[in-house]
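Data block below; observations after.
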Amino acid sequence: MSGHDSKYFSTTKKGEIPELKEELNSQYKDKRKDAVKKVIAAMTVGKDVSSLFTDVVNCMQTENLELKKLVYLYLINYAKSQPDLAILAVNTFVKDSQDPNPLIRALAVRTMGCIRVDKITEYLCDPLQKCLKDDDPYVRKTAAICVAKLFDINAELVEDRGFLEALKDLISDNNPMVVANAVAALAEIQENSTSPIFEINSTTLTKLLTALNECTEWGQVFILDALSRYKAADPREAENIVERVTPRLQHANCAVVLSAVKMILQQMELITSTDVIRNLCKKMAPPLVTLLSAEPEIQYVALRNINLIVQKRPTILAHEIKVFFCKYNDPIYVKMEKLEIMIKLASDRNIDQVLLEFKEYATEVDVDFVRKAVRAIGRCAIKLERAAERCISVLLELIKIKVNYVVQEAIIVIKDIFRRYPNTYESIIATLCESLDTLDEPEAKASMIWIIGEYAERIDNADELLESFLENFPEEPALVQLQLLTATVKLFLKKPTEGPQQMIQVVLNNATVETDNPDLRDRAYIYWRLLSTDPEAAKDVVLAEKPVITDDSNQLDPSLLDELLTNISTLSSVYHKPPEAFVTRLKTTVQKTEDEDFAEGSEAGYSSSNPVDSAASPPATTGNIPQHAGRQPAPAPAVPAPVPDLLGDLMGLDNAAIVPVDEPITSSGPPLPVVVPASSGQGLQISAQLSRRDGQVFYSMLFENNSQTVLDGFMIQFNKNTFGLAAAGPLQIPPLQPGTSARTMLPMVLFQNMSPGPPSSLLQVAVKNNQQPVWYFTDKIILHALFSEDGRMERGTFLETWRSLPDSNEVQKEFPGITITSIESTIDLLTAFNMFFIAKRKNGNQDVIYLSAKDPRDVPFLIELTAMVGQPGLKCAVKTPTPEIAPLFFEAVELLFRS
């Protein structure tokens, strides 16, 4: 829309939709065009204008390109929710794909590719094949991208219709933009495919390098990214490729520059000539430096990429350290990155310049930046031995400024310098000790305490200094406490006089008796035993020579660095993480095989379904599925009416199943539904539910004593039920004190206590204890808790079983209130409850899933679920030799999806 079209977004009157409908059917072209603009405006701000679908589609028959684009935009948005009506537009699409105007031909194919509706996809193939061979390059380049979109919708169709071969032919096209789009489409398809589809050979390489000079900037990015995956046959070929790509370093677009750098770095691995590598490093420096004159956001991306590059090839920017000096108006995130790179580029030749910069940064106002600058000085000292003394001089000058956080950071880094160069710079300890009173940060305190303990023999008043810290020992953070403990032991071993001896007693007592920290307590006990049994051994352990440290804290693992360098100019190089670490789900396309074809639906006997065209394997699960979680807790009223059978059994007519309490078995797990609320149970609340774990059925129970008396002697009895569920042993609950609770998993056996009559999910239970009357309650038998782990079927077996069962054994039920948000998560959920995935297919715009399960009597359940993802409504059909159990199955399915 043009700038003056804002009027279409103005607030409309009450009868908006009828008015728009009338305008869309107007005989005047301008009025129809304005009406479509209003519809698009309403759609843009989130209003539902899907009811105007037919009227908008009628406006497609126009020569006006602007109006056609608007109608196509509307179609892309609403075709998914109105797939049947979208078919009405197919004829116009096909007609437009043969229009004399190449813009309209390309627009038709692009729109058909964007409408992700299977029915339209079928009609797209013929126009797409023609457009891939169109005379106009604009149409061909649009068709190339459309193939990638079609592959995402239906990979098998793309392979069967030969689109991949047509796409590979476009790499030889005489138009560079067509070549670039073909490369982009093939690269996209390759990412989503398990088999090799796009492999560059020497012939393809020449064509791509030729097209590189003539196509647009983003076309160049696609081609360079594809070339970066090509492994040259020998050093000579690698040099030739680099020579052809090097001019791209002068490009104005940052993405092209970074893609060229990535490609050159990859080929440099194969080049053996040191002169060639040196010249390439010189050529790459200026374009990388130029990136730092862009806006801050681009600077940051460039700096994150440069950080990786200098770790691999520090010589590229070795002479350009000045460009990384921070400017006063740089954002903090840019300054932090520049500091990192300056540390990596610091050398004996430039360290004086770098230290002057760092010293200036340490007087800035931004506290985080100042801390980072002080730490940077320390890291340079650890990295460059010959510059260590100059670094320490700068740190001492900063300490004299007496700025609290600067002093504390300086002490932290000086501790590391002492670790790196033992027995070299200890003369500055006296200066450090002057700043003891200003320390209030745990890390700075811990560092100072370490220095005092490590060099106690050189500090005359070491015991007094440590004693000043010991006064607040119990209140100190764990980091400081641990250092105080070790430093005091060191002091005692180096100066075993009366003062340190008293200190060690106090510290060990505090660290063993007065603390809750297990790390501190364990270390204190070890020291105590060492000192009391063998002081010499304690010296060997505590005063042992420490390994010299190096500054590798910000160096990436070589294999990770190589992987990140192959992803330069992507998010991966900004995050410094491989793509799989932050891309949560990558789509994989499963290739179709012969044995995955299902027969026609009518022959197989599937209910109200079209033929099952293909069955894809279930996706790999990407998370832990909880054990049979079942229902969410909800108060359920106790059933006070007495049950005669239960009463008789519980009062002694059948005592075989009643065993007094032995040892309690407790189990943690998800919240359980309340079956006897405290208000009905005289303060005793019982929550319970059937569950399954490791192939065994349990009755999970939680007893909460809200009464004022101790409750003990718990027993349980189950009434006769459809599956003959009974307790396999005693109810093991310890005496319950007032205000306490106990949880148990009661093992269950099946087919012990069968009830006659039609199947029912009713489970009647009675629980008694020594202090209260018998509590009766009813619970539900959740069928999925009884499904066995061996219910998975082969596809062939599934088909044969389905065909062998009469149609009368199939029962259906619809659940209008259930919405399926993801097919993959639905399959994962059902698999966790022993309903195993067999196949899935598309039926129009609906997804159909087939699963199998098996009950404890090895009776199979063949399940068909039909739903439209994201839309309310789930249709469930089950075919089984025992259809009378189907209502129990539907209860279980509804319970699973609603919880």
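Values below: every heavy atom of this structure, side chains too, minus hydrogens, waters and symmetry copies. As the structure is a prediction and not an experimental result, all values here were calculated from the model.
- Taking the six-membered ring for Trp and thresholds of 30 and 60 degrees, Tyr74 and Phe53 have ring planes inclined between 30 and 60 degrees apart.
- Shown are Asp160, Val158, Leu157; of these, the side chain to side chain contact (heavy atoms under 4.5 Å, CB included) with Cys125 is made only by Leu157.
- A 4.5 Å side-chain heavy-atom check between Leu763 and Lys780 finds every atom pair outside the cut-off.
- Proximity of a side-chain donor or acceptor of Thr142 to a complementary backbone N or O of Tyr138 within less than 3.5 Å is detected.
- In plain terms, the two heavy atoms of Val109 and Cys146 that are nearest each other are O-SG, 3.5 Å.
- Using a 4.0 Å cut-off between a side-chain N of Lys or Arg and a carboxylate O of Asp or Glu, Lys37 and Glu66 qualify as a salt bridge.
- Put simply, the side chain of Thr880 never gets that close to the backbone of Pro883: no donor and acceptor are under 3.5 Å apart.
- Side chain of Asn58 to main chain of Thr54: a donor-acceptor pair is present (N/O by atom type, distance under 3.5 Å, no hydrogens or angles).
- In terms of modelled atom types and a separation under 3.5 Å, the side chain of Arg140 and the main chain of Asp134 share a donor-acceptor contact.
- In this structure, the side chain of Asn25 engages the main chain of Lys21 through a donor-acceptor pair within 3.5 Å.
- Judged by distance alone, the side chains of Ser760 and Thr722 never bring a donor and an acceptor atom under 3.5 Å apart.
- No donor-acceptor distance shorter than 3.5 angstrom exists from the side chain of Ser572 to the backbone of Asn567, with no hydrogens or angles considered.
- The two residues Cys59 and Leu24 make their nearest non-hydrogen contact at SG-O, 3.7 Å.
- Proximity of Lys149 to Glu188: side-chain heavy atoms (C-beta onward) are nowhere separated by under 4.5 Å.
- We find that Lys840 and Asp847 are not joined by a salt bridge, their nearest charged nitrogen and carboxylate oxygen being 4.0 Å or further apart.
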From CA spacing to verdict: side chain to side chain donor-acceptor pair (under 3.5 Å), Ser761, Glu891: CA-CA 9 Å; Ser761 62; Glu891 278 185 22; 2.9 Å; yes
Show your reasoning for whether side-chain contact (heavy atoms from CB on, under 4.5 Å) applies to His576 and Leu564. CA-CA 7 Å; His576 287 189; Leu564 294 178; 4.3 Å; yes
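- For CD of Glu794, the number of neighbouring non-hydrogen atoms (other residues, nucleotides, ligands) closer than 6.0 Å is 12 at most.
- Contact check on Arg105 versus Asp96 returns no salt bridge, with no Lys/Arg side-chain nitrogen under 4.0 Å from an Asp/Glu carboxylate oxygen.
- Nearest heavy atoms, Pro673 versus Gln689: CD-CB, 3.9 Å.
- When every heavy atom of Arg692 is checked against every heavy atom of Ser788, the shortest pair comes out as NH2-CA, 3.6 Å.
- Between Leu672 and Ala688, the shortest heavy-atom distance links the atoms CB-N, 4.0 Å.
- Note: Phe787 and Phe889 have tilted aromatic rings, judged against thresholds of 30 and 60 degrees for the angle between ring planes.
- Under the ring pair (Phe, Tyr, Trp, His ring centres under 6.0 Å) criterion, Tyr72 pairs with Phe93, not counting sequence neighbours.
- When all heavy atoms of Val183 and Phe222 are compared, the pair lying nearest together is CG1-O, 3.7 Å.
- Sparse packing is recorded around CD of Glu22, with 12 or fewer heavy atoms of other residues, nucleotides or ligands lying under 6.0 Å away.
- Inter-residue side-chain proximity for Lys879 and Trp802 is flagged as met; some heavy-atom pair is nearer than 4.5 Å.
- For the pair Lys130/Gln98, a side-chain contact is recorded, criterion being any heavy-atom separation below 4.5 Å from C-beta on.
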Starting from the C-alpha separation in whole Å, work towards a yes-or-no answer on side chain to side chain donor-acceptor pair (under 3.5 Å) for Glu814 and Gln812. CA-CA 7 Å; Glu814 293 194 1; Gln812 298 180 7; over 6 Å; no
Passes ring pair (Phe, Tyr, Trp, His ring centres under 6.0 Å), Phe897 versus Phe815? Steps please. CA-CA 10 Å; Phe897 283 107; Phe815 303 98; 8.0 Å; no
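- Distance CD1/Ile782 to CG/Leu888: 11.5 Å, rounded to 0.5 Å.
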